[in-house]
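Reviewing the structure listed below.
Atom set for the values below is all heavy atoms of this structure, side chains included, hydrogens, waters and symmetry mates excluded. Chain identifiers are assigned alphabetically (A, B, ...) following the order of the sequence lines, protein sequences preceding nucleic acid strands; residue numbering begins at 1 within each chain.
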Amino acid sequence: MTVATLRYRTLGRRRAFGALGTALALFCAILAAGSLLAILGYVVVQGVGAINWNFLTQLPHPIGVPGGGVGNGIVGTFVVIGLAMAMAVPIGLLTGIYLALFGRGPIPEALRFLSDVLSGVPSIAIGLFAYAVLVAPLKHFSGFSASFAFMMLMLPLLVRTSEQAIRSVPQTVREGALALGMSNFRATVGIVLPTARPAIITALLLAIARVTGETAPLLFTAFGTQFWEFNPNRPMAVLALQVFNYAISPYSEWQSQAWAGAFLLVTAVFALSLGARLMLRRAMRGLDS
Amino acid sequence: MTQGTEPQFRRVARFVSPADRGFAAVVYGGSILFALLIVGLFVELVLGSWPSIAHFGGSFIFQSAWDPVASKFGALPMIYGTVVTSFIAILLAGFVGIMAAVFLADFAPSWLAAPLSFLIELLAAVPSVVYGLWGLFVLAPFVRTAIGPALQKVLGWTPLFSGPIYGVGLLTAGIILALMIVPTVAAISRDVIAAIPRDLREASMALGSTKWETATRVVLPSARVGIFGACVLALGRALGETIAVTMVIGNRPEISASLFAPSYTLASVIANEFTEATTSLYISALIELGLILFIVSVIVNALARLMIWSVRGST
Amino acid sequence: MAAGQELLSTADLSAYYGDRKAVGNVSLKFPRCAVTAVIGPSGCGKTTMLRCLNRIHEVAFDARVEGRVLLDGDDIYSNDVDPMAIRRRVGMVFQRPNPFPTLSILDNTLACVAKGLNRRQKIDRAEQALHAAALWDEVKDKLRTSPLRLSGGQQQRLCIARAVAAEPEVLLMDEPTASLDPIATAVIEELMASLSDNFTIVAVTHNMQQAARVSDYTAFMLADQEGVGRLIEFDETAKLFTKPSDRRTEDYITGRFG
C-alpha cells in the first residue's frame with residue numbers, strides 16, 4: 001500500500017464524515033425552521049375557522065352559551081399597549097438622548113448597565129413590581145398597572161435604539177446645526193431626532209410586537225373581565241390573557257376560541273415585526289443616497 | 001464689554017441658553033426617572049419578600065415542602081423544576097442551535113441561508129402563550145403517545161425515564177423551552193461564527209482540511225466564548241419563562257427523578273398561585289421567589305453579555 | 001493694519017483636547033471683508049483653530065480653550081456670552097457638505113433664519129441666499145425636494161447658502177472644496193471672492209494653489225516638536241507667497257515638506 005492510497009482512503013472517510021456532519025447541521029436548521037412552520041400551521045388551521053365578525057366584536061359568553069368573542073380583549077390590548085407606549089416613549093427617548101449626548105463617563109455607563117439589567121428581568125417579576133406599586137396600594141386591579149408593566153418591558157429596547165439611532169446620525173449634521181447657532185434643543189429635536197426617526201419607529205414597532213404576546217404580568221395587573229371596559233383604572237380584558245385562560249380551561253369551546261385568539265395574536269405580532277423590518281430596510285436605503 | 005482677563009482655564013458649559021436649560025432639565029429628568037424605575041423594581045421586590053425572608057431565612061431555599069394551608073413554604077421543588085427544565089432546554093437548543101448556526105454561517109448557499117435564518121428568527125417573535133397552547137394540545141399528547149413510550153422502551157431502566165407518562169411534565173416543558181430559546185442560540189452563534197476572520201478558515205482549508213473539519217475543529221473553537229455567551233443568554237431567558245412552561249409542566253410542587261413527572265418552576269408557581277394567595281406570608285413567599293428569579297436572571301445575563309461582548313463588540 | 005479694521009481676531013489662543021494641546025498661543029487678526037486663508041500641513045491645528053472661532057471646538061468631548069477670541073472687541077469666551085449667539089454671527093461651512101437630510105432645500109436654507117419673518121420675507125431671504133451661493137437657478141424649481149438628490153458641489157453651495165441666510169458677519173470655511181471635483185471647486189472659489197464683498201471670510205485649506213488664487217491674506221501654521229500648532233507667519237497673500245519672511249514658510253511653499 002502506498003502512502004498515496006492511504007491518503008486517498010482516509011480522505012474519503014473524512015469527506016463522508018463531513019457530509020454526514022453537514023447533513024446533521026442542515027437537519028438542525030430545518031428542524032428549527034420547521035418547528036416554526038409546524039406551530040404556525042397549527043395555529044392557522046385550528047384558529048382561522050373560528051375567526052368571524054362575532055368573534056372579533058362580541059363579549060365572551062358564559063360556558064354553555066355558544067358563540068361569543070374576544071371583543072373586550074382586543075379593546076383592552078389597544079388601551080393597555082397605547083398607555084404603555086405613551087409612558088415608555090418619552091422616558092426611553094429622553095434617556096437615549098442623554099446617553100447619546102453625554103456618551104462617556106460613569107453615569108451614562110451606569111444607566112446602560114441598568115438598562116441591560118432590566119432587559120434580562122423575567123416579565124413575571126416585572127408584573128410583581130407593577131402589582132406592588134399600583135395594585136396593592138390601590139387595592140384593585142387595573143389596566144393601567146398592566147401598562148406600567150408593559151412600559152418597563154419596552155424601555156430597554158427603546159433606550160438602546162434611541163441612543164444608537166442618534167449616535168448614527170453623522171456628527172457633521174449635528175455640528176452643522178450647532179454651527180448655525182441652533183440651541184442644543186433645536187439641533188437635537190429638530191434635526192438629529194427626525195433623521196433618526198426611522199430607526200426609532202422600527203424599535204417601537206418591535207417593542208409593541210414583544211408586549212402584544214406578553215401574558216405573565218397581566219395575571220395580576222389587568223386581571224381580566226367579562227365585560228366591555230375602557231377605563232384603565234379598572235380591571236381590563238387583554239387578548240393574551242384571555243387566550244391563556246381559555247387554553248387552560250376544560251371546555252373545548254373555549255379551547256377552540258383560544259386557538260382563534262392565538263391566531264389573532266400571531267397575526268398581530270408578525271405584522272408588526274415584518275412592518276419593522278420593512279421600515280428598517282427603507283431607512284437603510286434612504287441613508288444610501 | 002469685558003476687560004481682557006488673564007488667560008485662564010475655562011471649561012465651557014454646553015447648555016447655556018435658556019431654551020437649552022429647559023431641554024437639559026427634561027432630558028436629565030427622563031433619565032433619572034428611568035434609573036429610579038429600575039432601582040425601584042429591585043427595592044419593591046426586596047420589600048415585598050421581606051416578611052418571608054424574615055420568617056424563613058435561608059431554609060426557604062432548601063425546604064421542599066410547599067404547603068400554603070400550613071403556611072410552610074420551601075422553594076426547593078421550584079428550583080429543581082426550573083433547573084431541570086432549563087437544563088433540558090439548553091441541552092437541546094444548544095446542540096440544535098449551534099449546528100444550525102454552523103450551517104447558516106458556513107455551509108448554506110445564500111438562497112437558503114436567508115429564508116432559513118428568517119424563519120428561525122421569527123420563532124423568537126411567537127408569543128409565549130401560543131407556545132403554551134401548542135405545547136398543551138400538540139406536543140404534550142405527542143409526548144404521551146409517541147416520544148414518551150419510545151424513550152421509556154429504550155431508557156426506561158434509568159430513573160430519568162421511568163414512571164407514568166402524563167404528557168405534561170418536565171420533559172415537555174424542557175422541549176417547549178428549547179424551541180423558545182433556539183433562535184437566541186442560533187442567531188447570536190451565527191453572528192459570532194460569521195465574525196471569525198476568513199483567513200482562519202482559508203488557512204485551515206489550505207492545510208487540507210475538509211470544510212466540515214474546518215468548521216468544527218477551527219472555527220467553532222475560536223468562536224467558543226461567544227457561543228457560550230449565547231447559550232448563557234438563552235439560559236437566562238429559559239429561567240424566566242413563565243406562561244408556556246406553566247401550561248405544560250403540570251404544576252405540582254414535587255421533586256421526582258423522572259422527566260415525565262409533573263413539576264413546578266419558580267416562575268410558574270407565581271403565575272399560578274399569586275391571585276389565589278390568601279395570607280400575606282403566602283404573597284410574600286411568592287414575591288421572594290420573584291426576587292430569586294430576578295437575582296439569578298441578572299447574574300446570568302451579565303455573565304452572558306460579558307462573554308458575547310468580548311467576542312463581538314457591543315451588541 | 002490700523003486697529004479697528006479687524007472684526008475678528010485672536011489673542012494668545014490655545015486649544016486642548018483633554019490634556020493634549022493642539023493649538024498654541026495663536027494671535028491673529030482677520031481683516032474685515034477679505035478672504036484670509038489658513039494653510040499648513042495636516043495636523044498643524046488649523047482646523048482646530050478655526051473651530052475655536054465660532055465655539056464649535058468645545059462641542060467635542062473634553063475640549064477646552066485658553067486665551068481670547070475677540071469679535072468686535074468682545075471676548076466670545078467670556079462667561080456671560082451665549083455660544084449660540086456667537087455662532088449666529090460667525091457662520092461655518094464644513095469640509096463635507098452636510099445638508100439636513102430630513103428638510104427640503106428651502107427649509108435647509110431657512111434653517112436658522114430669524115423667526116419673526118412672514119412667509120414672503122422668508123422666501124425672499126432664501127432666494128437672496130441661494131443667489132449669493134450661485135445655486136438659485138439650479139434649484140428654483142425644486143425647492144421642496146430633498147437636498148440629498150443634489151450633487152456634491154450643489155450640496156456644498158446649499159450649505160453656503162444656509163450659512164449666508166443666517167446673515168452672519170464672519171464666514172468660516174473648513175476646507176470647503178476638499179471633497180469636490182475641480183469644476184465644483186472652481187465655482188466655489190469664485191463664490192468666495194464675491195462673498196468677501198459682504199463677509200469676512202476665514203478659509204482653511206490644504207491646497208496652496210487655492211490659497212494663492214482665492215485669498216487676500218494668508219496665515220501659515222505649523223506643528224512644533226510637541227505637536228502643538230503654532231502660527232508661523234501672517235501676511236498679504238501676494239507677499240507671503242513670493243517673499244515669505246520665515247524660512248519654514250518658504251520651505252512649505254516650495255514643497256520641501258507638507
Mind ranking [options] by heavy-atom pairs under 4.5 Å with chain B and telling me who comes out on top?
options	value
A/Val243, A/Leu26, A/Leu206	A/Leu26
A/Leu40, A/Ile30, A/Ile91	A/Ile91
A/Phe113, A/Phe17, A/Tyr131	A/Tyr131
A/Leu272, A/Val189, A/Leu241, A/Leu118	A/Leu118
A/Arg186, A/Met151, A/Gln255	A/Gln255
A/Leu20, A/Val43, A/Leu155, A/Ile97	A/Leu155

Go through [options] and name the one with the most non-hydrogen pairs under 4.5 angstrom from chain A.
options	result
B/Gly132, B/Gly40, B/Gly29, B/Pro183	B/Gly40
B/Ser117, B/Ala93, B/Ala125	B/Ala125
B/Val130, B/Leu104, B/Val102	B/Val130
B/Leu293, B/Asn301, B/Leu122	B/Leu122
B/Leu266, B/Thr210, B/Ile287	B/Thr210

Over all atoms of both residues, closest heavy-atom pair of [X] and [Y]:
X	Y	value
A/Gly120	B/Ser297	O-CB, 3.4 Å
A/Gly18	B/Trp212	CA-CB, 3.4 Å
A/Ser119	B/Arg305	OG-NH2, 3.4 Å
A/Ala33	B/Leu116	CB-CD2, 3.5 Å
A/Leu128	B/Leu286	CD1-O, 4.3 Å
A/Leu265	B/Pro127	CB-CG, 4.3 Å

Are [X] and [Y] close enough that some pair of their side-chain heavy atoms sits under 4.5 Å apart?
X	Y	answer
A/Val117	B/Phe42	no
B/Phe274	A/Leu219	no
A/Val121	B/Leu41	yes
B/Phe103	A/Cys28	no
B/Met247	A/Phe244	yes

Is [X] close to chain A through its backbone or its side chain, or both, or neither, when contacts mean heavy atoms under 4.5 Å?
X	answer
B/Phe107	side chain
B/Tyr131	side chain
B/Val138	side chain
B/Ala302	neither
B/Ile283	side chain
B/Leu37	both
B/Leu133	both
B/Val298	side chain
B/Thr216	neither
B/Leu45	side chain
B/Val300	neither

Rounded distance (nearest 0.5 Å) linking atom [atom1] of [X] with atom [atom2] of [Y]:
X	Y	atom1	atom2	value
A/Leu274	B/Phe118	CG	CZ	4.5 Å
A/Phe27	B/Met99	CZ	CE	12.5 Å
A/Arg15	B/Lys211	CZ	NZ	13.0 Å
B/Leu33	A/Met87	CG	CE	10.5 Å

**Request:** For the pair A/Phe220 and B/Ile270, evaluate side-chain contact (heavy atoms from CB on, under 4.5 Å) and give the outcome as yes or no after the intermediate values.
**Result:** CA-CA 10 Å; A/Phe220 33 83; B/Ile270 302 175; 4.1 Å; yes

With only heavy atoms counted, which part of [X] is less than 4.5 Å from chain B, the side chain, the backbone, both or neither?
X	answer
A/Leu37	side chain
A/Tyr246	neither
A/Leu99	neither
A/Ala125	both
A/Phe263	neither
A/Phe270	side chain
A/Arg210	neither
A/Thr212	neither
A/Thr215	both

**Message:** I'd like to know whether OH of B/Tyr282 has more than 12 heavy-atom contacts from other residues, nucleotides or ligands below 6.0 angstrom.
**Reply:**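 Counting neighbours around OH of B/Tyr282, more than 12 heavy atoms of other residues, nucleotides or ligands fall under 6.0 Å, so yes.
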
**Message:** Within a 6.0 Å radius of atom CG on B/Leu36, are there more than 12 heavy atoms belonging to other residues, nucleotides or ligands?
**Reply:**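 Counting other residues, nucleotides and ligands, CG of B/Leu36 exceeds 12 neighbours.
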
**Asked** Among A/Leu31, A/Ile39, A/Leu36, which residue meets the side-chain contact (heavy atoms from CB on, under 4.5 Å) test with B/Leu179?
**Response**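 Only one option passes, and that is A/Ile39.
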
**Asked** Are B/Phe137 and A/Tyr42 close enough that their ring centers fall under 6.0 Å?
**Response**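 Between A/Tyr42 and B/Phe137, which both carry aromatic rings, the centre distance is not below 6.0 Å.
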
**Prompt:** Hey, what's the ring geometry for A/Phe102 with B/Tyr28, parallel, tilted or perpendicular (30° and 60° as the breaks)?
**Reply:**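 A/Phe102 vs B/Tyr28 ring planes: tilted.
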
**Request:** Output, in order, the C-alpha distance, side-chain angles, deciding distance and verdict of side-chain contact (heavy atoms from CB on, under 4.5 Å) for A/Leu94 and B/Val26.
**Result:** CA-CA 8 Å; A/Leu94 287 173; B/Val26 172; 3.7 Å; yes

**Request:** Could you tell me which residues in residues 235-244 of chain B have at least one non-hydrogen atom under 4.5 Å from a non-hydrogen atom of chain A, sorted by residue number?
**Result:**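 Those residues of residues 235-244 of chain B which have a heavy atom under 4.5 Å from chain A are B/Gly240, B/Thr242, B/Ile243.
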
